[in-house]
Amino acid sequence: MEISSIPFLNQEEYSYFYSFFQELDNNSNIGDISINKRRKIDDPTDENNSLKEILNTISFIDDLDIPNSTFDFDFQKPSSNFASETTERVRKTSPPKFDGGASSSTVTEEMVSGQFHGGGAGGPQRRLWVKERSKGWWEFYNSDECPDMEFKKAFRMSKATFNMICDELDSAVTKKDTMLRMAIPVRQRVAVCLYRLATGEPLRTVSNLFGLGISTCHKLVLEVCAAIRTVLMPKYLQWPNEARLEQIKAEFESLSGIPNVSGSIYTTHISIIAPKVSPAAYFNKKHTERNQKSSYSTTVQGVVDPSGVFTDICIGYPGLMSDDKILEKSALFQRFNMGHLKDIQVVGSASYPLLDWLLVPYTSQNQTWSQHSFNEKIGEVQKVAKDAFMRLKGRWTCLQKRTEVKLQDLPVVLGACCVLHNICEMNNETMDADLGFELFDDEIVAGENARGKMVNAVQVRDSIAHNLLHHSHGGSGFR
């Protein structure tokens, strides 16, 4: 926005400038400018001639080599309670620093139709004000004086894990200083993102705590989440290699007695604002019945290992879609169908179809002893995935609320939460008991005759159920 230093002139200002330029002519004789003696104001001819002389003088001054003060600002309108805010603002006469990603002050513009001391009505003028923001809260948490427990409550991880994340993301999120602003440090950028995800606090609150603008905080959250997806996801969220798969199989078999289990799968829903495009596809019937108001959601499907670490995720499908439909569209399903994953079993709930590689519990009402025993063992493996999603939503409180993130940006944010969950799990970051979250069951139970059921898969499941019951009574050590 261009800021001009020459306002519109009223009658009194006109007279003042006329006298000023007349004296300037008498003392200095600038160039060939000729200013006549002041004529009577009530003479229209004289007034027009004087105005032309002033305009000629101004035109001459414009031809001089004077630096131009033109800046682009992101203005915010001040509140109507101007009188109470004047004590909190400091008027700046020099070009202020911007908040476009670095400054701790918010620049605002006020249009004033004021009156001059002479009583004349002045034209509109722009006044620049800078609202000073305090960084005291963040400076304390960023200092050695902050206890590690206090830091962990705010950011859901220890200082050591936080420092490691900052080091990993340094090259991806670092910005350079410019002539107009100092870049926000990497640690502060990462902290803004983690605090927003961990607490789910409104952006206005985050803005006040970190001494940054609201729009800046929102931008930082998206930028850091994108960096986490690009830099950290390939390292901390990936399908296990052969050696790790053998360890996972052994741990799951020790837990349930079922061989070749390489993961536990579960799908949860994240509440969203009704999208403008295809809202019916995101309508969540179960949440609507539970909350007694129309609810909409998107989904997160995840496979976890025995430690609750995600090894595969599928994010962003509409909440109306059932678990088996989401599975069919996932990359995990395609990898199994193309034969890339062999000798592997994944355990899911009854909302998934029974497949050659996917074990689900029996859903018939009249179950045999072997079927009942099988369901109990499957339930123990399935509980690992549910507990992982409970910790995911417990740590990152933003997932418990209806998110305000745009639908197109949401997969990046949700993916970042999953990566951060893995980092905390791998670094043995325990979660406070008061952060426990009761996971709402979104499952849609599929019947025994559901599509995807295969004869070979039925035989494999019956064989596993029989062996579990036999080994259990034979005292072979299986649980």
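Side chains of W239 and L332 form a contact here, defined as non-hydrogen atoms less than 4.5 Å apart. In this structure the side chain of T299 never reaches within 4.5 angstrom of the side chain of T268, judged on heavy atoms. Taking 4.5 Å as the limit, some side-chain heavy atom of I313 sits within range of a side-chain heavy atom of M233. For the pair H287/S271, a side-chain contact is recorded, criterion being any heavy-atom separation below 4.5 Å from C-beta on. Under the 4.5 Å side-chain criterion, counting only non-hydrogen atoms from C-beta, V360 is in contact with R461. Taking 4.5 Å as the limit, every side-chain heavy atom of V384 sits out of range of all side-chain heavy atoms of D305. Put simply, the side chain of L327 reaches to within 4.5 Å of the side chain of P353, judged on heavy atoms.
Note: F283 CZ to S297 OG = 10.0 Å, rounded to the nearest 0.5 Å. Expressed to the nearest 0.5 Å, how far CD1 of I214 lies from NE2 of H218 amounts to 11.5 Å. The distance from the NZ atom of K406 to the CD1 atom of I273 is 11.5 Å, given to the nearest 0.5 Å. Remark: R335 CZ to N337 CG distance equals 11.5 Å, nearest 0.5 Å. To the nearest 0.5 Å, atoms CD1 (I184) and OG1 (T216) are separated by 6.0 Å.
Pairing each heavy atom of V304 with each of A388, the nearest pair is CG1-CB, 3.9 Å. Of all heavy-atom pairs spanning P411 and I315, the tightest one is CA-CG2, 3.9 Å. Between L237 and D312 the shortest heavy-atom distance is CD2-N, 4.1 Å. Nearest heavy atom pair, residue P306 against residue I248, reads CD-CG2, 3.6 Å.
Using modelled atom types, one finds no donor on one side chain facing an acceptor on the other under 3.5 Å when comparing Q301 with D323. A side-chain donor from one of S158 and E429 sits under 3.5 Å from a side-chain acceptor of the other. Side-chain contact, T311 with R244: no donor N or O sits under 3.5 Å from an acceptor N or O.
Below 30°, between 30° and 60°, or above 60°: for F162 and W138 the angle between ring planes is above 60°, a perpendicular geometry. Ring geometry for F151 against Y141 counts as tilted: the plane angle lies between 30° and 60°, on a 0 to 90° scale.
Between the S207 side chain and the L212 main chain, a donor and an acceptor come within less than 3.5 Å of each other. With hydrogens and angles ignored, the 3.5 Å screen pairs a side-chain donor or acceptor of Q371 with a backbone N or O of T368. T230 contributes a side-chain N or O that, together with a main-chain N or O of A226, makes up a donor-acceptor pair within less than 3.5 Å. In this structure, S256 contributes its side chain and I258 its backbone to a donor-acceptor pair below 3.5 Å. Checked by atom type and distance alone, the side chain of T403 never pairs as donor or acceptor with a backbone atom of I272 at under 3.5 Å. Put simply, the side chain of R196 never gets that close to the backbone of V221: no donor and acceptor are under 3.5 Å apart. A donor-acceptor pair is defined here as one N or O able to donate and one able to accept, closer than 3.5 Å; such a pair exists between the side chain of N467 and the backbone of S463. Checked by atom type and distance alone, the side chain of S254 never pairs as donor or acceptor with a backbone atom of E251 at under 3.5 Å. Judged by distance alone, the side chain of T288 and the main-chain N or O of N284 form a donor-acceptor pair under 3.5 Å.
By the neighbour-count criterion of 12 heavy atoms within 6.0 Å, atom CD of Q408 is densely surrounded, having more than that number from other residues, nucleotides or ligands. By the 6.0 Å contact criterion, NZ on K293 is open, its count of non-hydrogen atoms from other residues, nucleotides or ligands being 12 or less. Atom CD of E404 has 12 or fewer heavy atoms from other residues, nucleotides or ligands within 6.0 Å. Counting non-hydrogen atoms of neighbouring residues, nucleotides and ligands closer than 6.0 angstrom, the CZ atom of R402 reaches no more than 12 such neighbours. By the neighbour-count criterion of 12 heavy atoms within 6.0 Å, atom CG of D343 is sparsely surrounded, having that number or fewer from other residues, nucleotides or ligands. Surrounding CD of E289 are more than 12 heavy atoms belonging to other residues, nucleotides or ligands, all under 6.0 Å away.
Residues that satisfy the salt bridge (charged side-chain N to carboxylate O under 4.0 Å, His left out) test with R229, not counting sequence neighbours, are absent from this structure.
Ion pairing of R156 with D432 is absent here, as no side-chain N (NZ or NE/NH1/NH2) approaches a carboxylate O to less than 4.0 Å.
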Show, in sequence, the C-alpha distance, side-chain angles and deciding distance for D387 and Y266, and conclude whether the side-chain hydrogen bond (donor to acceptor under 3.5 Å, both in side chains) test is met.
CA-CA 10 Å; D387 289 346; Y266 187 80; over 6 Å; no
Worked verdict on Q400 versus F437 for side-chain contact (heavy atoms from CB on, under 4.5 Å):
CA-CA 9 Å; Q400 302 176 19; F437 176 74; 3.5 Å; yes
Yes or no on side-chain hydrogen bond (donor to acceptor under 3.5 Å, both in side chains) for N375 and Q367, after CA distance, side-chain angles and deciding distance?
CA-CA 10 Å; N375 283 0; Q367 298 177 3; 3.2 Å; yes
Let's go through T161 and K152 carefully: what are the C-alpha distance in whole Å and the side-chain angles of both, what is the deciding distance for side-chain hydrogen bond (donor to acceptor under 3.5 Å, both in side chains) to 0.1 Å, and is it a yes or a no?
CA-CA 10 Å; T161 302; K152 188 174 182 179; over 6 Å; no
For R189 and E223, what are the C-alpha separation, side-chain angles and deciding distance, and is it a salt bridge (charged side-chain N to carboxylate O under 4.0 Å, His left out)?
CA-CA 9 Å; R189 290 175 177 269; E223 287 181 351; 3.5 Å; yes
Solution key, residues 417-426 side-chain donor-acceptor pairs under 3.5 Å, sequence neighbours excluded:
from	atom 1	to	atom 2	distance (Å)
H421	NE2	G308	O	2.9
N422	OD1	F310	N	2.8
N422	ND2	Y236	O	2.9
N422	ND2	F310	O	2.9
E425	OE1	R391	NH2	3.4
E425	OE2	R391	NE	3.0
E425	OE2	R395	NH1	2.9
E425	OE2	R395	NH2	3.3

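For residues 313-345, the set of pairs meeting the ring-ring contact (aromatic ring centres under 6.0 Å, His included) definition, not counting sequence neighbours, comprises F336-W357.
Separation of the Y195 and W137 ring centroids falls under the 6.0 Å cut-off.
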